[in-house]
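Heads up, the thing below is written out as structure tokens.
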Amino acid sequence: MTSVSDSSAEQLLHDLVAIPSPSCHEGEAAAFLTAWMRRNGCDDAFVDEVGNAVGVIGTGSRQIVLLGHIDTFAGFPLVRLDGRALYGRGAVDAKGPLCTFAVAACGADLADDVQVIVIGAVEEEAATSRGAHYALSQYQPECCVIGEPSQWDRITLGYKGRLLLDWRWEGGLSHSAGEAPSPAERALSYWQDINTYCDQFNSGIGSLYARLDASLRDINTWQEGVNGVAEMTVGFRLPPGVAPAEIERRFPASAGATVSARGGECAFSGDKNSPLSRQFRRAIRAEGGTPRFVYKTGTSDMNIVGPRWGCPIVAYGPGDSALDHTPDEHINLDEYLRAIDVLTLVLETI
């Protein structure tokens with residue numbers, strides 16, 4: 001165990017946020033974090049075969065995995081301090097939670113039979129989730145915490161599923177005064193069918209977590225010789241009980257178009273009354289908070305490891321998720337320190 005001061009914890013987060021690490025370009029940030037963990041009490045720290053930053057504390061048989069992610073959404077707004085607010089890409093999503101993991105794990109007084117694995121996974125922001133898929137085969141934890149922002153006094157129990165559909169049409173052009181639909185009109189007709197189906201599915205459903213949501217991620221049209229081309233990507237957020245394959249079957253290619261699916265993940269929820277959840281509730285109360293539960297409409301690496309590991313699992317981390325991916329992304333450093341105290345207590349009592 002190595003005690004990490006508040007100022008050192010804040011410096012770690014500032015320095016990690018200052019290193020750009022968009023998906024598939026995490027190498028410098030991973031090397032920095034593993035070096036920090038090695039200096040601050042990890043028994044071992046390394047970058048694994050797929051680029052994950054990994055820190056190991058303890059040698060016990062009871063394995064606890066703290067699975068965060070070190071990649072960020074694209075873009076790199078100015079890293080700056082404004083009072084107690086740290087601005088920068090990843091401050092919330094999700095280097096704040098990842099640094100919470102590293103500091104708490106290095107500073108906790110662990111039981112002799114416990115081993116904590118801190119993972120800064122790569123490509124979580126991409127549909128590949130390469131880091132989490134690799135971790136599946138490397139660890140078999142007794143419990144797992146996913147590093148995602150939920151505010152220091154909230155515990156995330158579940159995430160909706162996901163599917164991406166890439167639609168493409170190519171064919172002969174016709175005069176705009178004719179009756180044949182243009183490539184753009186063909187794309188919009190497919191999108192309209194999706195919207196109509198989602199509206200029907202969601203009729204009478206009030207819960208955002210139970211809704212089927214679709215978003216138009218990208219749409220382009222252009223001319224290639226005598227042909228017109230239209231391409232479109234549609235993203236789905238899937239509620240519990242709706243599998244990616246079901247949506248893929250519901251919207252097949254038609255009228256000369258092609259459709260390919262990727263990034264499919266089912267919704268997943270952890271047990272509200274698991275020992276891990278109870279320990280988080282106790283720790284939040286001990287720090288003066290009132291614990292609350294939340295279910296997220298996005299996805300996380302919980303969707304990947306939760307069904308396979310089958311252990312108690314929650315997501316936890318400081319920061320306001322409404323700031324994810326925004327130019328104004330920032331985290332309150334006092335909340336960050338409070339989350340470290342909560343997680344430290346969980347690790348010492350689990």
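This chain uses plain numbering: 1 for the first residue, then up along the sequence.
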Problem - For Ala94 against Gly147, the heavy-atom pair lying closest together - result: CB-O, 3.6 Å
Problem - hydrophobic_cluster_shared for Ile331 and Leu98, side chain cutoff 4.5 Å - result: yes
Problem - Rounded distance [0.5 Å steps], OG1 in Thr72 versus CD in Glu329 - result: 8.0 Å
Exercise for the section: Side-chain contact test, heavy atoms from C-beta onward, threshold under 4.5 Å: evaluate it for Leu347 versus Phe101 and give yes or no. Expected result: no
Exercise for the section: Output yes when a side-chain donor or acceptor of Glu170 lies under 3.5 Å from a complementary backbone atom of Asn227, and no otherwise. Expected result: no
Problem - Sub-4.5 Å side-chain heavy-atom contact between Tyr336 and Asp6 - result: no
Exercise for the section: Identify whether Leu343 and Leu333 are in the same connected component of the hydrophobic contact network (ILVMFWY, side-chain heavy atoms under 4.5 Å). Expected result: yes
Exercise for the section: Would you check if Pro97 and Glu148 make a side-chain contact, meaning some heavy-atom pair closer than 4.5 Å? Expected result: no
Problem - Under 3.5 Å side-chain donor-acceptor pair for Arg217 and Ser215 - result: yes
Handout entry: Short side-chain to backbone donor-acceptor contact, Asp112 and Gly60, under 3.5 Å
Key = no
Handout entry: Pairs flagged by side-chain hydrogen bond (donor to acceptor under 3.5 Å, both in side chains) wherever residues 316-325 is involved - sequence neighbours left out
Key = Asp93-His325, Glu125-His325
Problem - Test log, rule side-chain hydrogen bond (donor to acceptor under 3.5 Å, both in side chains), inputs Tyr209 and Ser269 - result: CA-CA 11 Å; Tyr209 192 65; Ser269 298; 2.9 Å; yes
Practice task
Go through the side-chain N and O atoms of Ser8 and Ser5 and say whether any donor and acceptor fall under 3.5 Å apart.
Solution key: yes
Handout entry: Donor-acceptor contact present, side-chain Glu231 to main-chain Asn220, <3.5 Å
Key = no
Exercise for the section: Examine distances only and state if a side-chain atom of Asp44 and a backbone atom of Val56 form a donor-acceptor pair shorter than 3.5 Å. Expected result: no
Practice task
First locate atom CZ of Arg162, then atom CG of Asp213, and finally report the distance between them rounded to the nearest 0.5 Å.
Solution key: 15.0 Å
Practice task
State, without any angle test, whether Thr299 and Glu265 hold a side-chain donor-acceptor pair at a distance under 3.5 Å.
Solution key: no
Handout entry: Shared hydrophobic cluster, Tyr159 / Phe280 (ILVMFWY, side-chain heavy atoms < 4.5 Å)
Key = no
Practice task
Might you point out which heavy atoms bring Val118 and Ala105 nearest each other, and give the distance in Å?
Solution key: CG2-CB, 3.6 Å
Problem - Heavy-atom side-chain proximity of Leu12 to Val4 below 4.5 angstrom - result: no
Exercise for the section: Give a yes or no on whether the backbone of Ala45 and the side-chain of Arg38 come within a donor-acceptor separation of less than 3.5 Å. Expected result: yes
Practice task
Write out all pairs satisfying salt bridge (charged side-chain N to carboxylate O under 4.0 Å, His left out) with one or both partners inside residues 20-33, taking only residues at least two apart or from two chains.
Solution key: none
Completion exercise
Interatomic distance, SG@Cys24 vs CZ@Arg130, rounded to 0.5 Å, equals 8.0 Å
Exercise for the section: Evaluate whether atom CD of Gln223 has more than 12 neighbouring non-hydrogen atoms of other residues, nucleotides or ligands under 6.0 angstrom away. Expected result: yes
Problem - Check: Ala111 main-chain N/O paired with Arg62 side-chain donor or acceptor under 3.5 Å - result: no
Fill in the blank from the handout: One should read off an interatomic distance between Ser21 OG and His69 NE2, to the nearest 0.5 angstrom, of 9.5 Å
Practice task
Using a 4.5 Å cut-off on heavy atoms from C-beta on, say whether the side chain of Leu110 contacts that of Ile64.
Solution key: no
Problem - Any Ile350 side-chain heavy atom under 4.5 Å of Cys143 side chain - result: yes
Exercise for the section: Go through the side-chain N and O atoms of Thr233 and Asp166 and say whether any donor and acceptor fall under 3.5 Å apart. Expected result: yes
Exercise for the section: Please check if Ile119 and Met302 belong to a single hydrophobic cluster, counting links between Ile, Leu, Val, Met, Phe, Trp and Tyr side chain heavy atoms closer than 4.5 Å. Expected result: yes
Practice task
Identify the heavy atoms of Leu67 and Ala132 that sit nearest to each other, and give their distance.
Solution key: CD2-CB, 4.5 Å
Handout entry: Evaluation steps, salt bridge (Lys or Arg N to Asp or Glu O under 4.0 Å), between Glu10 and Arg84
Key = CA-CA 10 Å; Glu10 292 177 19; Arg84 294 296 288 161; 2.7 Å; yes
Completion exercise
Closest non-hydrogen atoms of Leu212 and Pro239, given as atom of the first, atom of the second and distance, are CA-CD, 3.9 Å
Practice task
Take Val65 and Trp309 through the test side-chain contact (heavy atoms from CB on, under 4.5 Å) and record every step on the way to the result.
Solution key: CA-CA 11 Å; Val65 168; Trp309 281 342; 4.1 Å; yes
Exercise for the section: Given side-chain contact (heavy atoms from CB on, under 4.5 Å), test Phe46 with Thr34 step by step and report yes or no. Expected result: CA-CA 6 Å; Phe46 56 93; Thr34 53; 5.6 Å; no
Problem - Backbone of Trp152 reached by a side-chain donor or acceptor of Glu335 within 3.5 Å - result: yes
Problem - Short side-chain to backbone donor-acceptor contact, Lys160 and Leu208, under 3.5 Å - result: yes
Exercise for the section: State, with a plain yes or no, whether a side-chain heavy atom of Leu216 is found less than 4.5 Å away from one of Val234. Expected result: yes
Handout entry: Heavy-atom closest pair, residues Ala214 and Ile194
Key = CB-CG2, 3.7 Å
Practice task
State, yes or no, whether a side-chain contact exists between Val54 and Tyr139 at a heavy-atom distance under 4.5 Å.
Solution key: yes
Problem - Quiz item: cation-pi between Arg89 and Phe76, 6.0 Å / 45° - result: no
Practice task
Give the intermediate values and the outcome of side-chain hydrogen bond (donor to acceptor under 3.5 Å, both in side chains) for residues Glu123 and Thr128.
Solution key: CA-CA 6 Å; Glu123 297 183 31; Thr128 52; 2.5 Å; yes
Problem - N/O donor-acceptor pair under 3.5 Å between Tyr134 side chain and Gly51 backbone - result: no
Exercise for the section: Look up atom CD in Gln11 and atom SG in Cys99, then write down how far apart they are to the nearest 0.5 Å. Expected result: 11.0 Å
Practice task
Mark yes when over 12 heavy atoms from residues, nucleotides or ligands other than Arg250 sit less than 6.0 Å from its CZ; otherwise mark no.
Solution key: yes
Problem - CG (Asp328) with more than 12 external heavy atoms under 6.0 Å - result: yes
Exercise for the section: Measure across Arg237 and Thr297 and return the closest heavy-atom pair with its distance rounded to 0.1 Å. Expected result: CD-O, 3.5 Å
Problem - Single-linkage hydrophobic cluster Tyr87~Leu81, side-chain heavy atoms < 4.5 angstrom - result: no
Practice task
Nearest 0.5 Å please: distance from the SG atom of Cys106 over to the CD1 atom of Ile340.
Solution key: 10.5 Å
Practice task
Report the C-alpha distance between Arg292 and Val294 in whole Å, list the side-chain angles of each, state the deciding distance to 0.1 Å, and finish with yes or no for side-chain contact (heavy atoms from CB on, under 4.5 Å).
Solution key: CA-CA 7 Å; Arg292 295 169 290 162; Val294 64; over 6 Å; no
Handout entry: Working for side-chain contact (heavy atoms from CB on, under 4.5 Å), residues Arg281 and Asn273
Key = CA-CA 10 Å; Arg281 280 178 274 168; Asn273 292 309; 3.6 Å; yes
Exercise for the section: Would you confirm whether Tyr190, through its side chain, and Phe251, through its main-chain N or O, come within 3.5 Å as a donor-acceptor pair? Expected result: yes
Problem - Other ILVMFWY residues reachable from Leu164 by side-chain steps of under 4.5 Å - result: none
